[in-house]
Amino acid sequence: MADYTQMWQDLGLDLKSHDALLAVLGKAYADIFLTQKNRPEGMKYFDFVMSEVHGLRIKEIVDAKAQGKLVVGSYCVFVPEELVLAVDGVAVGLCAGAEFGFEAAEALLPRNTCSLIKSMFGFKLGKVCPYLESCNIVVGENTCDGKKKAYEIFAPLVQDFYVMDMPQVKSEMGKKLLKEEYRKFIAKLEKESGKKITPASLKKAIETVNAKRKAMIRLNALRAADPAPISGLDALLINQVFFHDDPARFTESVNKICDELEVRVKNHTGVAPKGTTRLVISGCPMAVPNWKVPLLIETSNAVIVGEESCVGERGTRWLTDEKGTTVDKLLDAIVDRYFNVDCAIFTPNPSRVDHVKEMAKKLHANGVIHYSLQFCQPYIMESAPVEKELEKSHIPTLRLETDYSQEDAGQLKTRIEAFVERLKKR
Ligand code: BJ8
């Protein structure tokens with residue numbers, strides 16, 4: 001990596017803490033990803049992206065900002081990237097997956113707050129996230145209670161923090177609220193960027209994001225093959241890079257790896273022997289560098305073949321209708337698309353479990369691991385009914401609840417191994 005010290009300094013990062021974080025991240029990446037056997041060649045692009053995750057990509061974003069582009073960060077898949085692209089802006093995902101700065105975070109938040117929220121605070125308070133520090137606007141959304149109350153405390157820490165309200169029920173009223181919120185967001189983007197969204201700019205943005213999602217849908221479908229052509233860890237990494245990379249370059253790189261995976265499938269080449277226990281993971285999103293549970297699973301004689309998560313199919317499976325000819329019609333299509341997202345903050349939320357079942361079937365999974373972050377009420381609350389419904393459909397399920405620490409890794413591994421053994425005996 002080139003020397004980016006000046007850029008990081010200009011962004012106001014704490015260089016000492018940032019160096020320490022990068023060193024830990026680099027080592028973890030090498031140990032977890034580069035030691036995997038039989039990886040697709042196409043993963044080299046994603047290895048490069050990760051080696052430059054705080055370098056080259058940040059430089060691109062900083063350069064884009066210098067050219068007058070608006071940089072918009074967000075913490076949720078309900079914030080439409082299409083709208084940011086339609087004002088020629090740059091959209092970046094900000095969720096953090098590392099146990100960093102938790103002590104400082106706990107000075108502002110209750111201890112029983114989920115790791116994802118604590119990490120968001122830890123990265124800000126510790127001044128170690130160049131994505132966050134590059135943003136003109138940071139968007140929060142009123143999804144779970146944890147996030148919406150935490151944003152009240154977070155807002156004063158950020159230069160321009162914008163809150164988007166969210167429906168909690170999938171009703172006509174809920175849809176109207178979402179459209180109204182997206183309309184207000186458009187006004188904010190237009191004001192800050194000085195650019196007006198036109199039917200042409202919105203259509204182009206929708207096409208760009210659809211292309212990115214189509215590439216992910218293609219990748220996910222290829223994972224139905226046995227032997228699995230790509231590991232769950234690598235597929236998760238691609239899903240994580242989805243939130244940071246340049247959209248067109250990302251799409252091209254995913255399609256390239258899909259070309260390679262198609263050949264693998266034809267030649268029956270995989271990352272684990274045919275017949276290896278196949279699992280779908282379902283639940284809370286896993287942001288970079290949260291690779292803990294997938295690593296435990298894939299070092300326990302199992303392979304992950306799908307993620308029912310916002311960093312996974314929940315975030316990528318729907319496309320937006322591109323046919324509208326006015327901003328209003330195209331916005332309706334965006335609302336229709338996003339209103340499908342079956343996050344556990346919705347009540348009731350039956351489509352989520354239906355989708356887990358569908359995934360288990362189409363990906364030929366032997367079982368499902370339901371993953372919740374500790375203190376995440378929406379997903380923990382849903383985990384028991386999801387398990388019950390899956391078991392009723394003869395899909396064995398293991399419920400895990402954890403955080404970002406490594407303290408429970410041994411205990412989790414024992415439970416995962418026992419679950420894999422149970423599946424093998426069926
Ligand atoms: S659409 S899943 S990205 S809200 S883990 S902070 S839910 S207490 S992240 Fe999410 Fe949007 Fe929903 Fe997806 Fe709260 Fe749970 Fe913490 Fe969570």
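Both ligands and their constituent atoms are indexed starting at 1 by order of listing. Since we're looking at a predicted model, the values are computed, not measured.
Of all atoms in ligand 1, numbered sequentially from 1 with element shown, those under 4.0 Å from a heavy atom of Cys343 are 1 (S), 2 (S), 4 (S), 12 (Fe). Here is the list of ligand 1 atoms found below 4.0 Å of a heavy atom in Thr143: 4 (S). Those atoms of ligand 1 that come under 4.0 Å of a heavy atom in Cys76, given as number and element, are 1 (S), 3 (S), 4 (S), 11 (Fe). Remark: ligand 1 atoms within the under-4.0 Å shell around heavy atoms of Phe78 are 1 (S).
Within a 4.0 Å radius of atom 1 (S) of ligand 1, the protein contributes at least one heavy atom.
How far CG of Leu398 is from CD of Glu387: 8.0 Å, rounded to the nearest 0.5 Å. Atom CG of Leu125 and atom CZ of Phe100 lie 10.0 Å apart (nearest 0.5 Å). One distance of note links CG of Leu157 with NZ of Lys124; it measures 7.0 Å at 0.5 Å rounding.
The shortest contact between atom 13 (Fe) of ligand 1 and any protein heavy atom is with Cys310 SG, 2.2 Å.
A salt bridge links Glu389 to Lys357: at least one charged side-chain nitrogen sits closer than 4.0 Å to a carboxylate oxygen. Of the charged side-chain nitrogens involved, none lies within less than 4.0 Å of a carboxylate oxygen, so that Glu141 and Lys148 do not count as a salt-bridged pair. Using a 4.0 Å cut-off between charged nitrogen and carboxylate oxygen, Asp403 and Lys118 do not count as a salt-bridge pair.
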(request) Go through the steps to decide whether Asp160 and Asn136 satisfy the test side chain to side chain contact (heavy atoms under 4.5 Å, CB included), and finish with yes or no. (result) CA-CA 7 Å; Asp160 190 353; Asn136 298 99; over 6 Å; no
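Within the protein, the N, O or S atoms sitting under 2.8 Å from atom 15 (Fe) of ligand 1 are Cys376 SG.
Side chains of Lys65 and Ser134: no donor on one and acceptor on the other come within 3.5 Å.
Residue Val77 places a heavy atom under 4.0 Å from ligand 1.
The aromatic rings of Tyr75 and Tyr151 sit tilted relative to each other, their planes meeting at an angle between 30° and 60°.
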